Student: 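Mind looking over this structure? Questions follow.
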Amino acid sequence: MISDIHQEISFEQLVEALPFGVVVLQGNGCLELANQKALLWLDMPIDLLDAATFEIATGVNPLPVAMGVPPISFSMSIPYPVEVAMHKCQLPSGPGVLIALTDVSLQEEVNRMQAELQEELFNRLRQEMVSPLFMIGKFLDHPDAVGLGQARAAMEQINWFFQTYLLAATDESH
């Protein structure tokens, strides 16, 4: 029979299978429910997790949300990079707060890589453009035969940079 094939899935198993951390606190601050992802990302054992320890760990008291304060969202990077969203919920015991933790480590890595790329581009821009422009400016302030050759080489370097990094993209679109 089909009912023999399918096993009953408990609510706890369902919460554990979620791709984000979940904490549910009662209005009095006691823990109702937490999955392993939330415990890992908060770096907290389940027997210590309540509203007070959550506030110590995050700096945000969740209980006002259970009492009707608008939902709160914030980011944490320590002990694990997560976005935290807190919403009021209704439990059988009364008002509570549902806390969802979303892993943002990939986004932080992308941001770090983007910052490195920007720094690399800035350094290349400085090397390939600024130094040659100073050389051309120096020649224009004191023109002489030796400086003319250096100024031409600097201008060729600037033209190469524009062709390689800036003008190539616009040339292809025409």
Side-chain angles (χ1 to χ4, degrees), residues 1-131 161 164-166 168-170 172-173:
M1 298 189 109
I2 293 177
S3 61
D4 294 336
I5 296 171
H6 295 312
Q7 294 180 348
E8 187 74 25
I9 297 177
S10 71
F11 179 71
E12 288 77 16
Q13 288 173 316
L14 180 64
V15 171
E16 282 300 328
L18 294 172
F20 48 87
V22 175
V23 176
V24 178
L25 298 173
Q26 299 170 0
N28 62 8
C30 292
L31 179 66
E32 178 84 15
L33 165 74
N35 68 5
Q36 289 300 312
K37 282 184 182 71
L39 298 172
L40 174 71
W41 293 342
L42 291 170
D43 191 27
M44 191 174 300
I46 195 163
D47 57 329
L48 294 181
L49 184 55
D50 62 10
T53 56
F54 182 87
E55 182 176 8
I56 291 168
T58 65
V60 178
N61 182 355
L63 293 183
V65 175
M67 299 306 142
V69 169
I72 296 174
S73 295
F74 60 94
S75 298
M76 293 179 13
S77 57
I78 297 173
Y80 196 85
V82 291
E83 289 286 329
V84 180
M86 298 188 295
H87 297 274
K88 181 179 180 179
C89 65
Q90 187 62 42
L91 303 171
S93 61
V97 59
L98 169 66
I99 303 169
L101 297 100
T102 306
D103 179 359
V104 293
S105 59
L106 180 60
Q107 181 62 39
E108 285 198 355
E109 179 66 15
V110 168
N111 291 345
R112 184 191 62 74
M113 290 171 55
Q114 182 180 11
E116 286 178 8
L117 182 63
Q118 287 175 339
E119 183 66 26
E120 183 180 326
L121 181 60
F122 176 76
N123 287 336
R124 180 158 298 216
L125 182 63
R126 184 175 59 232
Q127 180 183 3
E128 303 290 341
M129 294 288 291
V130 175
S131 296
F161 182 82
T164 303
Y165 293 103
L166 303 175
T170 58
E172 293 171 4
S173 63

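In this text the structure is predicted, and so the values were computed from the model without any measurement.
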Student: Do Val23 and Leu33 have side chains that approach each other closer than 4.5 Å (heavy atoms only, starting at C-beta)?
Tutor: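 Counting from C-beta outward, Val23 and Leu33 never come under 4.5 Å.
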Student: With Pro45, which residues qualify under side-chain contact (heavy atoms from CB on, under 4.5 Å), at least two apart?
Tutor: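 By the side-chain contact (heavy atoms from CB on, under 4.5 Å) rule, Pro45 matches Asp47, Leu48.
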Student: Which pairs with one or both residues in residues 67-86 pass side chain to side chain donor-acceptor pair (under 3.5 Å), sequence neighbours excluded?
Tutor: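 Those involving residues 67-86 are Ser75-Glu83, Tyr80-Asp103.
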Student: Which residues pass the side chain to side chain donor-acceptor pair (under 3.5 Å) test with Gln36, sequence neighbours left out?
Tutor: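 Listed in chain order: nothing, the list is empty.
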Student: Just to verify, what does Leu98 make a side-chain contact (heavy atoms from CB on, under 4.5 Å) with, not counting sequence neighbours?
Tutor: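 So Leu98 forms a side-chain contact (heavy atoms from CB on, under 4.5 Å) with Val22, Val24, Cys89.
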Student: Run the side-chain contact (heavy atoms from CB on, under 4.5 Å) test against Glu120 and tell me which residues pass, sequence neighbours left out.
Tutor: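 By the side-chain contact (heavy atoms from CB on, under 4.5 Å) rule, Glu120 matches no residue at all.
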Student: Could you work out, with side chain to side chain donor-acceptor pair (under 3.5 Å) as the rule, every residue matching Glu116, not counting sequence neighbours?
Tutor: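 So Glu116 forms a side chain to side chain donor-acceptor pair (under 3.5 Å) with Arg112.
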Student: Would you check, one step at a time, whether the test side chain to side chain contact (heavy atoms under 4.5 Å, CB included) holds for Val60 with Val84?
Tutor: CA-CA 10 Å; Val60 178; Val84 180; over 6 Å; no
Student: Tell me every residue that passes side-chain contact (heavy atoms from CB on, under 4.5 Å) with Ala57, counting only those two or more places apart in sequence or in another chain.
Tutor: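 Counting only residues at least two positions away or on another chain, Ala57 forms a side-chain contact (heavy atoms from CB on, under 4.5 Å) with Met44.
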Student: Going by the side chain to side chain donor-acceptor pair (under 3.5 Å) test, which pairs reach into residues 88-101, not counting sequence neighbours?
Tutor: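 For residues 88-101: none.
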Student: Can you pull out every ring pair (Phe, Tyr, Trp, His ring centres under 6.0 Å) where at least one residue sits in residues 81-128? Sequence neighbours excluded, please.
Tutor: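 Sorted result for residues 81-128: empty, none.
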Student: Going by side chain to side chain donor-acceptor pair (under 3.5 Å), name the pairs with one or both residues in residues 53-72, residues two or more places apart or in two chains.
Tutor: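 For residues 53-72, and leaving out neighbouring residues, the side chain to side chain donor-acceptor pair (under 3.5 Å) pairs sorted by first residue read Asp50-Thr53.
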Student: CG/Leu31 to CG/Leu49 distance, rounded to the nearest 0.5 angstrom?
Tutor: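 Rounded to the nearest 0.5 Å, the CG-CG separation comes out at 5.0 Å.
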Student: Got Leu18 and Lys37 here, is their nearest side-chain heavy-atom distance under 4.5 Å?
Tutor: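 Contact flag for Leu18/Lys37 side chains = no.
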